[in-house]
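Below is one structure, written out as structure tokens; the observations come after it.
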Protein chains: 2
Amino acid sequence: MSDGAGSPVAAGRGRRPARARGDDRELQILATAERLLEERPLGAISVDDLARGAGISRPTFYFYFTSKDAVLLTLLDRVVAEADATMSAVFDGGASTGPREGWQRALAAYHETFRRHRALTVAWAEARSTSAEVRALWAEVFERWVQRCATAIEAERARGAAPSGPPARDLAIALTSMNERVIYASLSGDGPAIAADDVVPVLLRVWLTAVYGTPPD
Amino acid sequence: MSDGAGSPVAAGRGRRPARARGDDRELQILATAERLLEERPLGAISVDDLARGAGISRPTFYFYFTSKDAVLLTLLDRVVAEADATMSAVFDGGASTGPREGWQRALAAYHETFRRHRALTVAWAEARSTSAEVRALWAEVFERWVQRCATAIEAERARGAAPSGPPARDLAIALTSMNERVIYASLSGDGPAIAADDVVPVLLRVWLTAVYGTPPD
DNA sequence: GAACGAGTCAACAGGGTGTCGAGTTACGGC
DNA sequence: GCCGTAACTCGACACCCTGTTGACTCGTTC
């Protein structure tokens with residue numbers, strides 16, 4: 001809650017301010033978490049598991065992180081940074097190609113980012129139900145994506161390339177929700193899912209028809 | 001796991017076979033769960049809370065249900081039955097109206113069913129990450145809906161009303177995923193969401209354009 | 001070489017789950 | 001009217017997990 005403005009590199013999210021040689025331990029904890037998440041869900045990983053994996057006792061773990069969730073949040077910072085960077089590259093850089101290619105690249109980049117961090121993405125979605133902070137982080141990322149897309153949709157409408165329809169923001173929320181859920185299902189493996197290679201084509205098709213009425217080609 | 005074929009009314013999902021006057025208690029437990037779910041998430045409700053609410057001790061709770069999840073699953077049986085019934089009514093009964101009205105009614109019914117059981121729906125989604133049985137139940141319902149929709153899409157394609165495109169099943173999965181996530185977000189209230197009254201119109205628009213290329217009107 | 005702060009952990013407090021075994025009650029048969 | 005049986009009940013236990021406390025070690029610094 002008290003995010004003072006004085007911290008050097010922003011000792012964020014329940015991570016205590018970094019100490020001299022404690023950096024090692026911190027990294028070991030993070031590495032352990034990432035490794036264990038490949039094997040089993042976050043709920044099946046205890047603080048003790050993380051501590052042992054880093055070669056320390058459980059109380060010592062609390063010297064570095066305030067909770068298991070704080071570890072996940074720290075790990076997620078990387079994914080979020082990467083997602084945001086890719087998003088900017090796609091949206092800001094690509095005005096040269098046609099609209100179809102623009103959306104295609106945006107969707108592919110989005111999918112690729114989360115696919116590359118499969119275990120973390122799945123853990124992220126799972127932890128949303130138990131941690132308000134995780135939920136908030138998700139909402140933040142979601143909101144940024146929605147805003148980018150809504151703006152792009154409005155731009156297409158303004159230049160007459162897309163017909164009017166539901167509020168651009170509502171459309172963006174619906175389509176982004178679809179992305180999120182479809183990608184999660186394809187990564188987590190439980191329940192009916194679209195095969196990994198078909199995810200982007202199918203999503204793209206729905207996006208294009210929803211935005212342009214009929215797919216431009 | 002051992003679902004013997006001999007039980008009279010199918011003593012399902014961790015619910016022990018019903019006894020003479022224990023039926024009362026069972027109902028009291030279920031009622032308590034439903035009431036508490038209106039106030040707080042499943043994770044914040046203990047077995048003790050359920051037991052006290054039903055006027056029994058914690059060990060006695062285990063006489064009636066094998067776990068907290070079993071209670072949720074029993075509660076969800078109602079919702080699932082209702083969802084399935086509505087689904088059948090919409091898909092089997094409504095060949096008289098136009099395609100637009102057909103999809104509209106299906107979406108509205110789907111939305112209405114889950115909106116009417118807001119707390120249970122939210123709990124259902126939350127418990128998916130912690131209980132394999134809950135996950136399986138969700139996958140079942142999802143799969144039935146996907147199959148209905150895929151069949152309907154194929155029918156529209158066969159009669160020339162809808163253009164070809166991605167496999168009908170993939171399209172149905174993507175669109176159903178959107179429904180699920182959008183409705184959950186609008187019910188749970190965390191993160192960006194579409195206003196309750198706008199959910200069906202927006203979803204409908206995306207469905208129609210995705211299936212028909214351009215909305216028929 | 002005293003003082004300090006980083007780093008460490010045994011022991012504790014507290015809350016949750018699920019089980020076991022010893023009750024208590026209700027009721028049908030003898 | 002008493003007895004056995006099965007439904008029903010719960011105190012006490014074993015266990016697992018979280019997060020905190022207080023004392024201890026060690027390197028650095030003056």
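Every chain is numbered from 1 and lettered A, B, ... according to where its sequence line falls, protein lines coming before strand lines.
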Return the value, rounded to whole Å, for the distance between atom CZ of R25(A) and atom C1' of dA6(C). 12 Å
Heavy-atom donor-acceptor pair, K68(A) side chain to S46(A) backbone, under 3.5 Å: no
Minimum-distance pair of heavy atoms, taken over all atoms of A174(A) and M178(B): O-CG, 3.4 Å
Rounding to an integer number of Å, can you tell me how far F63(B) CZ sits from dG21(C) P? 17 Å
Qualifying residues under salt bridge (Lys or Arg N to Asp or Glu O under 4.0 Å), relative to R35(A), sequence neighbours excluded: none
Please state how far atom CZ in F65(A) lies from atom C1' in dG19(D), giving the value in whole angstrom units. 16 Å
Using a heavy-atom distance cut-off of less than 4.0 Å, which residues of residues 51-59 of chain B contact DNA chain D? I56(B), S57(B), P59(B)
With R40(A) via salt bridge (Lys or Arg N to Asp or Glu O under 4.0 Å) - residues at least two apart: D49(A)
Would you mind reading off the distance between F61(A) atom CZ and dT8(C) atom P, rounded to a whole angstrom? 13 Å
Rounding to an integer number of Å, can you tell me how far Y64(A) OH sits from dT18(D) P? 19 Å
Mind calculating the distance between CD (E26(B)) and P (dT9(D)) to the nearest angstrom? 12 Å
Just how far, in rounded Å, is C1' of dC16(D) from CG of L50(A)? 16 Å
Could you pull out all residues at least two apart from P41(B) that satisfy side chain to side chain contact (heavy atoms under 4.5 Å, CB included)? A44(B), E126(B)
Tell me, please, which residues at least two apart from W145(A) pass ring pair (Phe, Tyr, Trp, His ring centres under 6.0 Å). F91(A), Y110(A)
Atom CG of D49(B) to atom C1' of dT17(C): distance rounded to whole Å? 13 Å
Is there a side-chain contact between Y62(B) and the phosphate of dC10(D), meaning an N or O under 4.0 Å from OP1 or OP2? no
Under the side-chain hydrogen bond (donor to acceptor under 3.5 Å, both in side chains) rule, collect the residues that match up with R58(B), sequence neighbours excluded. none
Which residue pairs pass the salt bridge (charged side-chain N to carboxylate O under 4.0 Å, His left out) test with at least one member in residues 169-192 of chain A, sequence neighbours excluded? R128(A)-E180(A), E143(A)-R169(A), E180(A)-R181(B), R181(A)-E180(B), D190(A)-R135(B)
Restricting to side-chain hydrogen bond (donor to acceptor under 3.5 Å, both in side chains), what partner residues turn up for D198(B), sequence neighbours left out? none
Please work out which residues in residues 33-48 of chain A have a non-hydrogen atom less than 4.0 Å from an atom of DNA chain D and list them by number. S46(A), V47(A)
